[in-house]
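Notes follow the structure.
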Amino acid sequence: MNKILVVNNDLDSMELLKSWLETKTYEVKITTNREEVPQLIREFKPGIVMADIMQQQVITDLKENENTRDVRVLLMSGYTKRQETLEIEADDVIEKPFNLPLLEFKLNKLFKKVG
């Protein structure tokens, strides 16, 4: 089963996202605490980390660590200036609020790169 770790401060919205992702047969864990991310990655072993742009340090830490640099990162951004989001080392970007068919397409694309 494809696993996704979601890192975001908006727990209520992420619970809704988790429910939707689970209907698409993904296994999902969410956290609002970026300090938990390294342990969750070791134990849960997600193929993709969905992280809010405000969690930029999480993304930087993942990409700089040789043990986690291959984990795909889907950056979630409410910003409309795509250039600012592309400067972060994410594998792809999706704008909030989510277009669910586009989100599903991006996740499928990223999981194909993982497998």
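Basis for what follows: all heavy atoms, side chains included, without hydrogens, waters or symmetry-related copies.
- Partners of Asn2 by side chain to side chain donor-acceptor pair (under 3.5 Å), not counting sequence neighbours: none found.
- Between Met50 and Leu75, every side-chain heavy-atom pair lies at or beyond the 4.5 Å cut-off.
- Taking CD1 of Ile30 as the start and CE of Met14 as the end, the distance is 8.0 Å to the nearest 0.5 Å.
- If you check the side chains of Asn108 and Glu104, you find no donor sitting under 3.5 Å from an acceptor.
- Counting heavy atoms from C-beta outward, Leu17 and Leu103 have side chains that approach closer than 4.5 Å.
- Note that the NZ atom of Lys29 and the NZ atom of Lys45 stand 12.5 Å from one another [nearest 0.5 Å].
- A donor-acceptor pair is defined here as one N or O able to donate and one able to accept, closer than 3.5 Å; such a pair exists between the side chain of Lys63 and the backbone of Val71.
- The CD1 atom of Ile94 sits 10.5 Å away from atom CZ of Phe105, with the distance rounded to the nearest 0.5 Å.
- Rounding to the nearest 0.5 angstrom, the gap separating the CD atom in Glu15 from the CG atom in Asp10 is 10.5 Å.
- Nearest heavy-atom pair, Val7 versus Val37, reported as atom, atom and distance to 0.1 Å: CG2-CG2, 3.7 Å.
- Between atom OG1 of residue Thr31 and atom CD of residue Gln55 there is a gap of 8.5 Å, rounded to the nearest 0.5 Å.
- A distance-only check finds no donor-acceptor pair linking the side chain of Asp91 to the backbone of Leu74 [under 3.5 Å].
- Shown here for Thr32 and Asn9, the closest heavy-atom pair between the two residues is O-OD1, 3.5 Å.
- Two residues are said to be in side-chain contact when any heavy atoms from C-beta on lie closer than 4.5 Å; Ile4 and Phe111 meet this criterion.
- Here the side chains of Leu5 and Ile41 are in contact, with some heavy-atom distance below 4.5 Å.
- Checked for salt-bridge contact, Arg34 and Asp52 miss the test: no charged N lies under 4.0 Å from a carboxylate O.
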### Residues Tyr26, Ile48; criterion side chain to side chain contact (heavy atoms under 4.5 Å, CB included); working and verdict
CA-CA 11 Å; Tyr26 295 110; Ile48 295 174; over 6 Å; no
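- One hydrophobic cluster holds both Leu21 and Leu100 under the rule that ILVMFWY side chains link at heavy-atom gaps under 4.5 Å.
- Met76 places a side-chain heavy atom less than 4.5 Å from the side chain of Asn8.
- With a 6.0 Å cutoff to the six-membered ring centre and a 45° limit on the axis angle, Lys3 counts as a cation-pi contact of Phe44.
- Taken from CD in Glu89 to CD in Glu64, the straight-line distance is 6.5 Å, to the nearest 0.5 Å.
- Here the side chains of Arg72 and Leu107 are not in contact, with every heavy-atom distance at 4.5 Å or above.
- Using modelled atom types and a 3.5 Å distance limit, the side chains of Glu95 and Ser77 yield no donor-acceptor pair.
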